[in-house]
Structure formats: structure tokens, C-alpha cells
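Structure first, commentary second.
A quick note: this is a predicted structure, and the numbers were derived from the prediction, not measured.
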Amino acid sequence: SASSTVTLSLQASQSTVNPGQEFTVDVVMNTNGLSVTAAELYLSFPSNLVQGMSIVPGAFLPVELAVGSISGGTASVTVGSGTSAKNGSGTIAVLRLKALADGSATIQIDAASQVAAVGFDTNVLGARNPTTVTIVTPAPTATLSASPTLTVQNYPVTLTWTTTNATSVTINQGIGA
């Protein structure tokens, strides 16, 4: 029907990531019965929390009509269907991001984005559904072991330890005194 519009939804590969970790966000299109020929995408994200690495076409609209571009907290790409219009749903672009700092990063499809469909001379983009990724630094852990495990006073003991997500370790020399 003439009232139909195309839905775009963002789907993150992971809902929670660590700083330094890369992840992807798929731009998923549902044509809602329309025959789509192209999409001009503008995405935004908080550049203090995530860094844009790349944006490339997805399998549903595989032709890159305007090369993917990333600047600060924005990413853009224009994709097309090729020789025949597309109906149904699928991934039209993939955004790769790198987590920078702890926080809640919402990635959005900007209102400037447009979708072209057969029989329409206006933008047929309707709903633009964002996604949010939580970035959390894992808590540090330490594992301590002693050798030998049983000892008597004034005999040496070797302590060894391993840590994860720790930048330094200190030991209280007075332990056991």
C-alpha cells in the first residue's frame, strides 16, 4: 500500500564489550512490501565511547554506490540493489566499531538517511531503530599460590601470582608476621 514504509534497525554483534574490543553493528532493512533499489545511510555514535573503524555494504543491498566514510562520531555509505529491486529483509550495511571507554553507547540511524523504492519519488524510510552497547572494564582479579603449601616458621615459602585486568600488584611484607 502507499502508506508502507521501510524499517531500518541496528543490531549489535554483542550487547556488552570491553574497552579496546571491536564489534560490529548490522543495519537491517525490512522493506515491508516495497521494492527497494537503494539506501543512503547516515549513522551516528558517541565518539568519546566508540571509534568508527569501517562501514561496508551488506548482502541485501550489496552494491556500494558511495564509498563508506567515517569521520568523528558519524559513518555514511550509500548502497544499492544492483540490477533488480529487493523485497523482504536483510543486512544492508555493516559498521565496525572499537570500544574506547566505559559507558553506554547508543548507535543511531540519522534522520538524513534515505531509502528509494520503485514507484515512489520520495524517501520511503519509516522507523529507525537504534541499538545500545554497554562498555565495561572487567574487574581485576588475582590468584595467589604458595610453595610449599605446608611449612614451618623460619622456612622459606615461594609465592606466585597471576592477575587479569590489573595494572600493578603490591604485597604487604608483614603478612604472617
Side-chain angles (χ1 to χ4, degrees), residues 6-30 39-62 64 66-79 89-113 125 127-153 155-177:
V6 170
T7 302
L8 292 180
S9 302
L10 298 180
Q11 296 178 357
S13 58
Q14 294 169 267
S15 58
T16 304
V17 296
N18 300 332
Q21 190 175 348
E22 289 189 18
F23 62 98
T24 58
V25 176
D26 288 354
V27 182
V28 178
M29 172 181 281
N30 184 333
E40 182 180 10
L41 298 175
Y42 296 96
L43 308 180
S44 63
F45 45 87
S47 59
N48 61 319
L49 298 179
V50 292
Q51 174 185 356
M53 305 300 285
S54 65
I55 186 166
V56 296
F60 194 66
L61 294 180
E64 193 170 37
V67 175
S69 166
I70 293 180
S71 176
T74 63
S76 63
V77 68
T78 302
V79 292
S89 64
T91 299
I92 64 168
V94 179
L95 174 65
R96 178 171 287 282
L97 297 168
K98 182 177 182 178
L100 299 177
D102 286 11
S104 183
T106 298
I107 301 101
Q108 302 181 86
I109 303 161
D110 292 347
S113 297
L125 177 55
R128 298 175 286 114
N129 302 316
T131 190
T132 300
V133 173
T134 303
I135 305 161
V136 180
T137 300
T141 61
T143 304
L144 184 68
S145 62
S147 178
T149 54
L150 296 173
T151 188
V152 291
Q153 190 170 2
Y155 279 81
V157 173
T158 301
L159 297 178
T160 57
W161 63 87
T162 58
T163 63
T164 58
N165 307 308
T167 55
S168 65
V169 175
T170 57
I171 189 165
N172 180 343
Q173 296 292 328
I175 288 178

Euclidean distance, [Y] [atom2] relative to [X] [atom1], rounded to 0.5 Å:
X: Thr106; Y: Leu10; atom1: OG1; atom2: CG; result: 10.5 Å
X: Ser113; Y: Glu40; atom1: OG; atom2: CD; result: 7.5 Å
X: Leu95; Y: Thr131; atom1: CG; atom2: OG1; result: 11.0 Å
X: Glu22; Y: Gln51; atom1: CD; atom2: CD; result: 8.5 Å

Ignoring hydrogens, what is the shortest heavy-atom contact between [X] and [Y]? Give both atom names and the distance.
X: Gln108; Y: Pro130; result: CG-CB, 4.0 Å
X: Asn165; Y: Ala139; result: ND2-O, 3.7 Å
X: Arg128; Y: Asp110; result: NH1-C, 3.4 Å
X: Pro148; Y: Pro156; result: CD-O, 3.9 Å
X: Ile70; Y: Ser54; result: CD1-N, 3.2 Å
X: Ser104; Y: Thr132; result: OG-CG2, 3.1 Å

Student check: side-chain heavy atoms of [X] and [Y] closer than 4.5 Å:
X: Thr91; Y: Val27; value: no
X: Phe45; Y: Val25; value: no
X: Ile92; Y: Leu8; value: yes
X: Val77; Y: Glu64; value: yes
X: Trp161; Y: Leu144; value: yes
X: Val17; Y: Val50; value: no
X: Ser76; Y: Ile55; value: no
X: Leu43; Y: Ile109; value: yes

Taking [X] for its side chain and [Y] for its backbone only, find out whether a donor-acceptor pair lies under 3.5 Å.
X: Ser13; Y: Thr24; value: yes
X: Asn30; Y: Thr7; value: no
X: Arg96; Y: Met53; value: no
X: Thr163; Y: Ala142; value: no

Is there a donor-acceptor contact under 3.5 Å linking the side chains of [X] and [Y]?
X: Thr134; Y: Thr16; answer: no
X: Asn129; Y: Ser9; answer: yes
X: Thr74; Y: Ser44; answer: no
X: Ser147; Y: Thr158; answer: no

> How far apart are the C-alpha atoms of Leu49 and Leu100, what are their side-chain angles, what is the distance that settles it, and do they pass the side-chain contact (heavy atoms from CB on, under 4.5 Å) test?
Replying inline: CA-CA 5 Å; Leu49 298 179; Leu100 299 177; 5.8 Å; no
